[in-house]
Amino acid sequence: MQFDFIVIGAGIAGLSAAAALSVHGKVALLEREDQPCHHSSGRSAAIFVRSYGNAAVQALTDISGRLFAAESAAGDAALGRRRGVMIVARRDGDPGAAAPGQRRLSAAEAAARMPLLQAGLLSHAWLEEDAADIDVHAMHMAYARTLRANGGLLLTGFGVEAAARTAGVWQVSDGIRTLVAPVVVNAAGAWADAVGQLFGAAPKGIRPLRRSAALVDPPAGSRIDEWPMVIDVEESVYFKPDAGKLMVSPADQSLSVPCDAWADDMDIAIAIERYSELTGMEVQRVTHSWAGLRSFVADESPLIGWDSDSPGLLWLAALGGFGVQTAPATGALAAALARGSAPLEGATACLLRAVDPARVIVG
Ligand SMILES: Cc1cc2nc3c(=O)[nH]c(=O)nc-3n(C[C@H](O)[C@H](O)[C@H](O)COP(=O)(O)OP(=O)(O)OC[C@H]3O[C@@H](n4cnc5c(N)ncnc54)[C@H](O)[C@@H]3O)c2cc1C
């Protein structure tokens with residue numbers, strides 16, 4: 001049970017890092033649940049949007065775009081059809097502003113592109129044409145395949161409960177089994193602060209924020225596959241086609257403890273009300289609802305890099321609402337840092353500083 005690298009958490013971030021590391025050494029990827037991607041990574045809207053997030057997030061998204069396009073471990077089919085994202089401004093609301101890569105549409109053009117919208121309510125919209133669907137399952141499978149092909153081990157049902165370091169090596173245990181490695185990557189999502197503490201690291205103030213979503217039936221006979229994702233400028237509601245249904249979210253951000261999140265009925269009711277307001281559509285039934293946690297630190301940049309107090313512990317966490325679209329880049333960057341190799345192409349000194357966990361001082 002001796003490894004070169006142990007990765008804790010088989011969400012999309014841990015899978016990506018483990019796959020990248022497995023090319024260079026013996027890797028164990030440990031997951032408490034019975035399957036990977038049970039938490040946030042299996043509950044996302046699965047969209048790739050270049051303008052999303054702050055400058056560090058956008059830089060990571062650009063690198064990911066390149067890695068998705070290359071035949072990378074993410075799988076060449078993971079970035080799916082270009083769906084586009086339309087950010088709509090109401091007549092009586094915030095007009096918003098164009099981000100790079102977005103163009104302005106009139107209310108009539110917006111309604112032509114997305115026929116559910118009521119043109120009379122809108123002032124205009126901002127369209128980001130190249131936003132694309134992500135096949136998260138394809139990414140997950142491709143990373144797991146790479147890990148296995150390189151002799152790596154994915155251990156599910158392994159919840160890390162204790163860690164101790166002796167002679168430059170971490171012993172990581174679930175209370176029954178113990179694995180050892182000199183380097184551990186903390187990719188435990190909403191639990192990353194709790195896992196960090198097992199390794200003697202100071203908490204980074206990670207805040208898990210719950211976001212809920214529901215699937216509703218689209219109007220009969222509509223060709224919804226061609227519709228863009230729609231977000232209200234104030235980010236109070238969004239909806240997008242999802243396997244023949246419409247996924248609707250109130251874009252809620254309720255502070256939560258790390259947990260198996262579930263959708264609150266009130267949040268779903270708010271989502272439906274805002275969707276109906278914008279579209280004039282009545283929702284007869286919600287076919288499915290769920291929630292997941294989006295985990296942030298105060299500056300909303302991720303944590304990717306060595307812990308300053310705990311030797312051999314590398315953070316890959318706080319991936320907010322962008323952890324899927326940035327996974328090819330964040331996993332590759334974490335792997336490059338863990339190996340002490342040349343930094344990932346495109347990862348500038350400025351980006352490395354922006355994601356360095358040492359920047360975060362809590363308390
Ligand atoms: C509704 C919603 C919509 C979203 N939409 C998008 C989107 O369109 N695009 C996008 O890029 N992102 C989106 N996100 C965000 C994205 O889902 C997250 O950023 C991403 O999944 C985080 O991945 P992760 O691997 O860090 O965390 P997780 O997927 O939560 O994985 C962490 C894993 O660590 C495991 N773990 C924790 N503690 C331990 C332990 N002690 N021992 C072993 N294992 C442990 C957990 O069981 C879990 O499986 C969305 C999120 C939500 C909720």
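The basis for the numbers below is simple: all heavy atoms, side chains too, and nothing from hydrogens, waters or symmetry mates. Nothing here was measured: the structure is a model prediction, and the numbers come from that model. Each ligand, and each atom within it, is numbered from 1 in the order the structure gives.
- Between H288 and W290, the angle of the ring planes stays under 30°, which puts this pair in the parallel group of the 30/60° scheme.
- Put simply, V185 and V324 are part of the same group of oily side chains (I, L, V, M, F, W, Y) that touch within less than 4.5 Å, one to the next.
- Looking at R294, H38, Q325 and measuring to atom 52 (C) of ligand 1, the nearest heavy atom belongs to R294.
- Near H39, meaning under 4.0 Å from any of its heavy atoms, are these atoms of ligand 1: 30 (O), 46 (C), 47 (O), 48 (C), 49 (O).
- Of the protein's non-hydrogen atoms, G9 CA, 3.2 Å is the one closest to atom 34 (O) of ligand 1.
- The closest approach between Y238 and ligand 1 falls below 4.0 Å for a heavy atom of the residue.
- Atoms of ligand 1 lying under 4.0 Å from at least one heavy atom of L30, given by number and element, are 43 (C), 44 (N).
- Within a 6.0 Å radius of CE in M266, no more than 12 heavy atoms belonging to other residues, nucleotides or ligands are found.
- Using a cutoff of 4.0 Å between basic side-chain nitrogens and carboxylate oxygens, D174 and R32 are not scored as salt-bridged.
- Residue G159 places a heavy atom less than 4.0 Å from ligand 1.
- At the top of the distance list for atom 3 (C) of ligand 1, counting protein heavy atoms only, stands A45 N, 3.3 Å.
- Between Y52 and F322, the ring planes lie tilted relative to each other; the angle falls in the 30° to 60° range.
- Residues Q102 and S51 have side chains that bring a donor and an acceptor to within less than 3.5 angstrom of each other.
- The distance from ligand 1 to the heavy atoms of I12 drops below 4.0 Å at these ligand atoms: 25 (O).
- Each of the following atoms of ligand 1 lies closer than 4.0 Å to a heavy atom of A187: 32 (C), 34 (O).
- At least one heavy atom of G320 sits less than 4.0 Å from an atom of ligand 1.
- V183 and I304 fall within a single hydrophobic cluster, where Ile, Leu, Val, Met, Phe, Trp and Tyr are joined by side-chain heavy atoms under 4.5 Å apart, directly or via other members.
- Of the listed options V160, L319, D174, V160 places a heavy atom closest to atom 41 (N) of ligand 1.
- Considering G157, S41, A192, G323 only, the shortest heavy-atom separation from atom 23 (O) of ligand 1 involves S41.
- With rounding to the nearest 0.5 Å, the separation of CG in L127 from CZ in R104 is 13.0 Å.
- Checking N54 against S301 by side-chain atom types alone, a donor-acceptor pair falls below 3.5 Å.
- Side-chain atoms of Q253 and R294 include a donor-acceptor pair closer than 3.5 Å.
- D34 and T156 form no side-chain donor-acceptor contact under 3.5 Å, judged by distance and modelled atom types alone.
- The neighbour count for D309 CG, taken as heavy atoms of other residues, nucleotides or ligands under 6.0 Å away, is above 12.
- For atom 49 (O) of ligand 1, the nearest protein heavy atom (residue, atom name, distance) is E31 OE1, 2.7 Å.
- Not a single heavy atom of S249 lies less than 4.0 angstrom from ligand 1.
- Residue contacts with ligand 1, taken as heavy atom pairs separated by less than 4.0 Å, involve A46 solely via the backbone atoms N, CA, C and O.
- A salt bridge is absent between R82 and D133; no separation between the charged side-chain nitrogens and carboxylate oxygens falls under 4.0 Å.
- The shortest side-chain heavy-atom distance between K240 and R83 falls under the 4.5 Å cut-off.
- For atom 2 (C) of ligand 1, the nearest non-hydrogen atom from the set E33, R32, R43 belongs to R43.
- If you chain together hydrophobic residues whose side chains sit under 4.5 Å apart, I206 and L209 never meet in one group.
- Nearest-heavy-atom check against atom 17 (O) of ligand 1 across S40, A327, S16 picks out S40.
- Note on ligand 1: A190 sits outside its first shell, no heavy atom being nearer than 4.0 Å.
- Residue V195 touches ligand 1 through its side chain alone, judged by heavy-atom distances below 4.0 Å.
- Using 4.0 Å as the threshold, F158 has a heavy atom nearer than that to some atom of ligand 1.
- Heavy atoms from both the backbone and the side chain of A13 come within less than 4.0 Å of ligand 1.
- Hydrophobic cluster membership is shared by L116 and V230, with clusters built from Ile, Leu, Val, Met, Phe, Trp and Tyr side chains linked at under 4.5 angstrom.
- Of the protein's non-hydrogen atoms, G189 CA, 3.7 Å is the one closest to atom 27 (O) of ligand 1.
- In the vicinity of G292, heavy-atom distances shorter than 4.0 Å reach the ligand 1 atoms 53 (C).
- The residue A261 has no part lying near ligand 1, judged by heavy-atom distances below 4.0 Å.
- Looking from atom 31 (O) of ligand 1 to the surrounding protein, the closest heavy atom is G11 CA, 3.3 Å.
- Of the candidates G321, P302, S44, the one placing a heavy atom closest to atom 10 (C) of ligand 1 is G321.
- With hydrogens left out, the protein atom closest to atom 8 (O) of ligand 1 is I47 N, 3.0 Å, a heavy atom.
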